[in-house]
*Asks:* 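Mind having a look at this structure? Questions to follow.
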Amino acid sequence: MSTRDLLTDEQLTDGLRSLPEWHLEGDSIRRTVQARDFPAAIRIVVAVAEQAEAMDHHPDIDIRWRNLHFTLSTHSSGGVTALDLRLAALIDAAALAEA
Ligand code: HBI
């Protein structure tokens with residue numbers, strides 16, 4: 001199984017159990033992070049950017065003041081893969097580090 005293989009519905013449901021902040025929307029998973037302030041939000045974005053670049057897998061990020069809206073999907077696969085679940089966990093950790 002490649003990390004770029006689309007997850008089955010069961011694999012996705014199982015994976016989201018450990019990612020309670022995330023929800024499925026169409027062919028993506030999404031969550032919002034509310035940071036303490038705008039600088040903290042940007043620090044989270046920077047931390048995520050470093051990790052995303054390291055794994056060559058990148059989120060869509062909508063930055064609105066201290067609210068960060070993350071959308072993850074594997075564009076080359078047309079849906080959610082294990083890479084997205086892995087990046088989601090990294091985003092959760094980056095958010096917690098600024099909590
Ligand atoms: N990020 N979310 C996401 N999906 C991709 O398919 C993807 C990516 N980052 C880089 C990437 N693919 C590389 O394969 C580039 O070669 C396109």
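Counting convention: from 1, in listed order, for ligands and their atoms alike.
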*Asks:* Excluding sequence neighbours, so at least two apart, what forms salt bridge (charged side-chain N to carboxylate O under 4.0 Å, His left out) with R64?
*Replies:* D62
*Asks:* In the protein, what heavy atom is nearest to atom 13 (C) of ligand 1, and what distance, to one decimal place, separates them?
*Replies:* D56 OD2, 3.4 Å
*Asks:* When you measure from atom 10 (C) of ligand 1 to the protein, is at least one non-hydrogen atom found at a distance under 4.0 Å?
*Replies:* yes
*Asks:* Under 4.0 Å, heavy atoms only, figure out whether ligand 1 is touched by the backbone of S73, its side chain, both or neither.
*Replies:* backbone
*Asks:* About how many Å separate OG1 of T74 and CZ of R4, when rounded to the nearest 0.5 Å?
*Replies:* 6.5 Å
*Asks:* Are there protein heavy-atom neighbours of atom 16 (O) of ligand 1 below 4.0 Å?
*Replies:* no
*Asks:* Ignoring hydrogens, just give me the one of E53, H75, H58, R4 whose non-hydrogen atom is nearest atom 4 (N) of ligand 1.
*Replies:* H75
*Asks:* Checking E53 side chain against E50 main chain: does a donor-acceptor pair fall under 3.5 Å?
*Replies:* no
*Asks:* Evaluate the side-chain proximity of F70 to L87: yes if any heavy-atom separation is below 4.5 Å, no if none is.
*Replies:* no
*Asks:* Which pairs with one or both residues in residues 36-49 pass side-chain hydrogen bond (donor to acceptor under 3.5 Å, both in side chains), sequence neighbours excluded?
*Replies:* R43-E98
